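Input: a single structure, listed below in C-alpha cells.
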Amino acid sequence: MRAEAVVDLSAIKHNVARLKEKAGADLLAVVKADAYGHGLVRVAQTALDAGASMLGVALLEEAVTLREAGITAPILAWLVQPGSDYKSAIELNIDLAAGSLKALHEIQAASKDKQARVHLELDTGMTRGGFLSEWSQITAADVAGLEIVGLFSHFARADEPLENQNKEQLARFKKEIATLNELGFTNAIHHLSNSAATLTNHSAALDMVRTGIAIYGLTPDVSMGSSKEFNLRPAMQLRAALYLVKDVPAGTPVGYGASESTTRDTKLGVVAMGYADGIPRIAKNAGVWINGKRAPIIGRVSMDQFVVDLGPESKANSGDWVVVFGNGSHGEYTADDWGAASGSINYEIVTRIGPRVPRIYSAHIY
Ligand SMILES: *Cc1c(COP(=O)(O)O)cnc(C)c1O
C-alpha cells in the first residue's frame, strides 16, 4: 500500500449524536462530495445509525448512488440542474430543492404519475441558490400537484456568530415563511443551520439542522473554536508510506525549480502522495508525522510525491508509514493545519483527497 485515508466511523457516530443533542432538533447529515472525501455510502449509513433522520447531497447523481446502495431514508438533493431527469428522481423518492419558478415548473411537469417531494429554497442573504424576488410571486398554481415538505435557506456568515447578517437572515427566513404559509405549507419543516450555526446559534436550529463538516469532526472555522473545544472527533487520518529515505549533504537543492535546499546534512524522505492525491502544491509549513515528531515538507510538492526533511538523527526507513494529517492528539498535523498551510480551509483539504487514495474504515486509528 502506498497511501490510505483511514476513516473512524465511531467518530462520525459520536459527532452526529453530539450535534443532534446540541441542536435539539432533527439532523440532516450532509454527505455531498463523497461525504467530504470520507466515502459516501459508509458515512451515510453510519450517520443514519447514529440518529440522522435525513441525508443531504448537492447532486442528483449522489442521491441516486445512495438509493442504489439500498438506503431508503429521506434524501434531499439541492443542486439539481435544469433539464435533469426529475422523473427518475421522483420515482426514487428523492426530495428535490427548488429555488426558482422555472425549477418548480420542471418538477411539476415530471410529477404527473407520482407526487414530487419538494423543499423550497429561499435566498435570505447568501446570494447563491434560492428564490429572491420571485418568492413573493409563488402562487398556488406553481405548487399544485407537489408535496411541499420543506422550506429552507442557508447562512453566509454562520462561522462569524457575532455578525449581524446572521440575525438578519434568520429574521428574514421567519418572515418569508409566514407569508408563504398562506399558501398552506404549514406542515413543511424549516431548516436553515449549517455546522457553524448548529454549534453557536441555538435559536436558528428550527425543525432540522444540516450539518456537514462537523459530522466529520472538523471545526467550521478554527477562529470559532477547535474540534476539541466543540467536543468533535476528527474522523479521518491520512497516511502514506515513505517510498525512499536518503542521506543528503547541506546545500542540496530539492525538487522542481530547486525552490529549497537543505540547510544541513540531513535525511530526506520521499512520500508517495502528491497534488493528484489532494496534497496542495502551495502548502507551506506543513509536513508529516513520523516516529513522534514532525518532518516538514522541503521543496515543491509534485503530482505523485513530495519530500520531507526527516532530520539528521532520523531512524526512518523506506516503507515506514507517516501520518499526513490526523486528529492532532499526538502532535501530528491536522486538516486545519494543512488548510492554514495552503491559504485554504479544512473543508478543501478533505474533499480534495483524490480517487487514487483508498478509504479504509476502522474503529481504531489511534
Ligand atoms: C454544504 C452545505 C451544508 C453543510 O455545510 P457545513 O458548513 O459543512 O455544515 C448545509 N447546507 C447546504 C445547502 C450546503 O450546501
Side-chain angles (χ1 to χ4, degrees), residues 12 15-16 18-20 22-23 25-38 40 43-44 47 52-63 74-81 94-100 103 118-131 150-161 163 165-166 169-170 173 189-202 204-225 227 230 232 234-236 335-336 339 344-352:
I12 289 177
N15 299 329
V16 167
R18 152 100 188 113
L19 290 160
K20 203 178 150 188
K22 178 104 189 157
D26 283 345
L27 183 142
L28 174 151
V30 181
V31 292
K32 62 191 178 188
D34 199 29
Y36 290 44
H38 293 62
L40 176 62
V43 169
S53 53
M54 194 163 178
L55 301 169
V57 290
L59 310 183
L60 209 44
E61 297 92 303
E62 296 173 319
I75 304 172
L76 169 61
W78 54 67
L79 199 70
V80 184
Q81 299 301 305
I94 294 166
D95 291 14
L96 300 166
S100 69
V118 174
H119 297 240
L120 298 177
E121 182 180 8
L122 174 65
D123 179 2
T124 55
M126 175 69 179
T127 317
R128 203 178 60 179
F131 286 92
L151 304 174
F152 78 106
S153 189
H154 192 53
F155 278 122
R157 307 188 70 173
D159 55 349
E160 301 164 283
E163 279 298 328
Q165 187 171 341
N166 296 304
Q169 286 196 250
L170 177 59
F173 187 55
I189 57 164
H190 305 147
H191 48 104
L192 174 62
S193 288
N194 56 6
S195 295
T198 303
L199 290 166
T200 58
N201 188 354
H202 193 256
L206 308 179
D207 299 319
M208 182 171 81
V209 296
R210 301 187 308 270
T211 47
I213 199 76
I215 70 173
Y216 307 100
L218 299 176
T219 176
D221 189 317
V222 286
S223 69
M224 282 173 57
S227 298
F230 288 124
L232 298 170
M236 185 190 286
D336 298 336
S344 185
I345 50 176
N346 54 20
Y347 290 73
E348 189 171 349
I349 298 302
V350 289
T351 53
R352 293 186 71 170

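Values in this document were obtained by computation on a predicted structure and should not be read as measured data. Counting convention: from 1, in listed order, for ligands and their atoms alike.
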Query - Within-cut-off N or O pair, Trp78 and ligand 1, under 3.5 Å - result: yes
Query raised in the report: Does Ile213, backbone or side chain, put an N or O under 3.5 Å from an N or O of ligand 1?
Result: yes
Which ligand 1 atoms are under 4.0 Å away from a heavy-atom of [X]?
X: Lys32; value: 1 (C), 2 (C), 3 (C), 14 (C), 15 (O)
X: Tyr36; value: 1 (C), 4 (C), 5 (O), 6 (P), 8 (O)
X: Arg128; value: 15 (O)

Are [X] and [Y] packed together at the side-chain level, in the sense that at least one heavy-atom pair is separated by less than 4.5 angstrom?
X: Arg210; Y: His154; value: yes
X: Val30; Y: Trp78; value: yes
X: Leu27; Y: Val16; value: yes
X: Leu232; Y: Thr219; value: no

**Report entry** Closest approach of any protein heavy atom to atom 11 (N) of ligand 1, naming residue and atom
**Finding:** Arg210 NE, 2.9 Å
Query raised in the report: Among all protein non-hydrogen atoms, which one is nearest to atom 7 (O) of ligand 1, and what is the separation to 0.1 Å?
Result: Tyr347 OH, 2.6 Å
Query raised in the report: Who gets closest to atom 9 (O) of ligand 1 by heavy atom: Ala58, Ala196, Gly129, Ser195?
Result: Ser195
Query - Parallel, tilted or perpendicular: ring planes of Phe152 versus His119, cut at 30 and 60 degrees - result: perpendicular
**Report entry** Positive for side chain to side chain contact (heavy atoms under 4.5 Å, CB included) with Ser193, one of Thr200, Leu19, Thr211, Val209
**Finding:** Val209
